[in-house]
There are 2 protein chains.
Amino acid sequence: MSLRIGQVALRSGVTPRTIRYYEELGLLPASDREQGKHRTYTESDIERLKEVTRLRDLLGLSLDELRSVVVAEAVRADARRRFHASESPDERRAALEDALPHLETQIGLVRRREAELKELENDLVDRRKRVLRALREL
Amino acid sequence: MSLRIGQVALRSGVTPRTIRYYEELGLLPASDREQGKHRTYTESDIERLKEVTRLRDLLGLSLDELRSVVVAEAVRADARRRFHASESPDERRAALEDALPHLETQIGLVRRREAELKELENDLVDRRKRVLRALREL
DNA sequence: TGCTAAATTGACGTTCACGTAAAGATGAGG
DNA sequence: CCTCATCTTTACGTGAACGTCAATTTAGCA
């Protein structure tokens with residue numbers, strides 16, 4: 001039931017090279033395996049990778065900068081795991097409270113970007129308005 | 001009253017090298033000057049350059065892709081010039097009607113990007129909601 | 001008109017984000 | 001157990017987007 005790098009690559013729209021590179025950069029977790037053995041992944045690894053590429057494409061960050069955002073992803077994923085692994089309400093609460101600030105960070109970044117784009121849009125729409133007005137006045 | 005490359009660079013937040021490079025790529029118009037003479041610019045060139053860098057930073061395009069968007073900028077700038085240069089309503093109308101579709105293109109690109117970001121934001125906010133709900137239910 | 005800061009062209013260098021090739025190892029299916 | 005498609009590591013290659021250096025030229029100002 002475990003996936004290998006080729007399948008993961010295909011299903012997340014990247015190449016195996018990219019996956020290894022991201023692992024090297026710390027963008028993806030280096031699942032512990034003995035030297036030379038094949039990397040194995042799960043469905044949730046695919047989701048995670050898709051998230052990373054989405055953030056990469058939509059925020060204007062270098063992979064290095066992205067790492068700090070995505071280490072957050074790792075923490076969140078780990079928090080999820082801990083949440084489901086445990087029955088103790090205290091541990092579950094702790095897991096959730098770990099995940100939350102990273103979500104906030106990501107939401108914040110996305111919103112800032114949205115705001116910048118909205119500003120640009122407004123500028124462009126303003127200009128169009130002026131052009132249209134000028135056309136009507138001829 | 002004409003600016004040189006150093007001033008333009010400073011005031012638009014890039015380096016002279018970048019300006020020359022963009023000119024070479026066709027992102028900026030190559031003002032006609034004799035070989036070896038200094039490049040000269042106007043205030044509106046600064047605005048234009050700022051526009052280009054803004055689009056560069058906010059849309060996820062290569063400089064090559066950006067060129068087609070920005071050739072639009074050139075056409076628009078030229079349309080403006082023609083508009084102000086002429087008294088003939090016909091020519092003025094033509095100028096405005098040239099500028100319009102390029103504005104539309106840019107607005108379209110910006111809006112698509114905004115939509116993608118909004119989708120991402122919604123996903124993130126959804127997750128946060130689930131985390132918060134789970135916390136309340138403990 | 002002479003000085004000097006700033007600009008010009010040309011060329012090579014650099015960083016990022018991977019691509020690609022080679023030589024050998026792994027592991028799922030028959 | 002064998003096969004062979006897929007994976008592993010290592011290493012060099014590449015395109016984009018500039019940085020940087022050098023030798024020379026230009027142009028604003030005293």
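Computed from a prediction, not measured in an experiment: that's the story for all the values here. Letters A, B, ... are given to chains in the order of the sequence lines, protein chains preceding strands, and every chain is numbered from 1.
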### Touch class at under 4.0 angstrom, heavy-atom based, for Arg4(A) against every strand present
sugar-phosphate
*asked:* At 4.0 Å (heavy atoms only), tell me whether Arg39(A) reaches a base, stays on the sugar-phosphate, or touches nothing.
replied: sugar-phosphate
The reported gap from CD in Glu114(B) to CD1 in Ile107(B) (rounded to nearest 0.5 angstrom) is 10.5 Å
Round to the nearest Å and state the distance from [X] atom [atom1] to [N] atom [atom2].
X        : N       : atom1 : atom2 : result
Arg20(A) : dC7(D)  : CZ    : P     : 8 Å
Arg33(B) : dT25(D) : CZ    : P     : 16 Å
Asp64(A) : dC18(C) : CG    : P     : 13 Å
Arg67(B) : dA16(D) : CZ    : C1'   : 13 Å
Lys37(B) : dT9(C)  : NZ    : P     : 12 Å
Tyr22(A) : dA17(C) : OH    : C1'   : 7 Å
Arg17(B) : dA22(D) : CZ    : P     : 16 Å
Tyr21(A) : dT15(C) : OH    : P     : 12 Å

Which of dC18(D), dT26(D), dC7(D) is nearest the side chain of His38(B)? It is dT26(D)
- Query: Does Thr15(B) make a side-chain N or O approach to OP1 or OP2 of dG19(D) shorter than 4.0 Å?
  - Reply: yes
